[in-house]
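In each ligand, atom 1 is the first atom listed, and ligand 1 is the first ligand listed. Only a predicted model underlies this, so the values are computations on that prediction, with no experimental measurement involved.
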Amino acid sequence: MKNSGTIMISFLLGIILISNYNFSEAAGREILQDCKPSGTITGTNPPPGQCNQEHDSDCCKAGEQYRTYTCSPSITSQTRATLTINSFEKGGDGGGPSECDNNYHSDSTPIVALSTGWYNGGSRCFNNITISYKDRSVRAMVVDECDSTMGCDDDHDYQPPCPNNIVDGSKAVWEALGISDPDDVGSLDITWSE
Ligand SMILES: *[C@@H]1O[C@H](CO)[C@@H](O)[C@H](O)[C@H]1NC(C)=O
C-alpha cells in the first residue's frame, strides 16, 4: 500500500510537470509566432492555360485549404525571410502589374515583392531594402506585394496566397547573391533590413 501511494504521488507529480512543460512551450511559440493566420481560402483548379509554371510556381488545387495572413513577423535589424523567385515582366509568373506603380518591370533590375504584412499597404514602395545571404548582400527596390490575403484567382495567376515571410525577388536579386539558376534552388533563407 505504501508503495502504490508513492507511485501514485510520483505519477501525479509527473503529470503536473508534463502539463507545465507543455504550457510554457506553447507560451514560447506564441511569442515567436507574433503573426497568426487571418483565415483560409479554398482552392479552385486554374482554368486551362492559366497558372504560369515558369519558376515551378505552385498552382491552386480544387478543394485544398490555404492559410491567409494580413500580418508578417516583426521587422528587426535582420529580419529572417524566405527568398523566392518572381518575374515582374508582362506575361511572367507574377500575375498582374506591380502593386506600387501598376507597371511591369525588368527582371534584370534588383526588385522585390514583400508579403502583405511587410508591404504594409505600400509604405515601403520604391524604398530599397538590403537582402543578405551568407557573405553577400544586394540592395533591391520594393515594387510589389506578395499577397498573403488572397490567391487562387486570375489576379494572382491561380497561385496560392503568399506565406507571410516572403521576399519575392527578380532574377537580378538572385544573381547578386551569387545564384545564377534560382529554379534549381527554389527558395533561400535570407535576412533583410530597411
Ligand atoms: C533605390 O535604388 C534605386 C536604384 O539605385 C534608386 O533609383 C532609387 O532612388 C532608390 N530609392 C530610394 C527611395 O532611395
Are there over 12 heavy-atom neighbours, none belonging to Gln78, within less than 6.0 Å of that residue's CD?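 Counting neighbours around CD of Gln78, 12 or fewer heavy atoms of other residues, nucleotides or ligands fall under 6.0 Å, so no.
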When rounded to the nearest 0.5 angstrom, what is the spacing between SG in Cys146 and CG in Asn164?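 Cys146 SG to Asn164 CG: 10.5 Å, rounded to 0.5 Å.
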For Thr116, does its backbone N or O pair with a side-chain atom of Ser148 as donor and acceptor, under 3.5 Å?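 Side chain of Ser148 to backbone of Thr116: a pair is present.
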Connected hydrophobic set around Val138, excluding itself, where side chains approach under 4.5 Å: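 Joined to Val138, directly or through intermediates: Ile75, Leu83, Ile85, Val112, Leu114, Trp118, Tyr119, Ile129, Ile131, Tyr133, Val142, Val167, Val173, Trp174, Leu177, Ile179, Val185, Leu188, Ile190, Trp192.
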Could you go through the side-chain contact (heavy atoms from CB on, under 4.5 Å) check for Thr68 and Met150 one step at a time? CA-CA 7 Å; Thr68 58; Met150 287 187 286; over 6 Å; no
Might you list the protein residues in contact with ligand 1, defined as having a heavy atom under 4.0 Å from one of its atoms, sorted by chain and number?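 Within 4.0 Å of ligand 1, the protein residues are Phe126, Asn128, Met141.
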Please evaluate residues Cys51 and Cys60 with respect to the criterion disulfide (SG to SG under 2.5 Å), reporting the C-alpha separation (whole Å), side-chain torsions for both, the decisive distance (0.1 Å), and the verdict. CA-CA 8 Å; Cys51 194; Cys60 293; over 6 Å; no
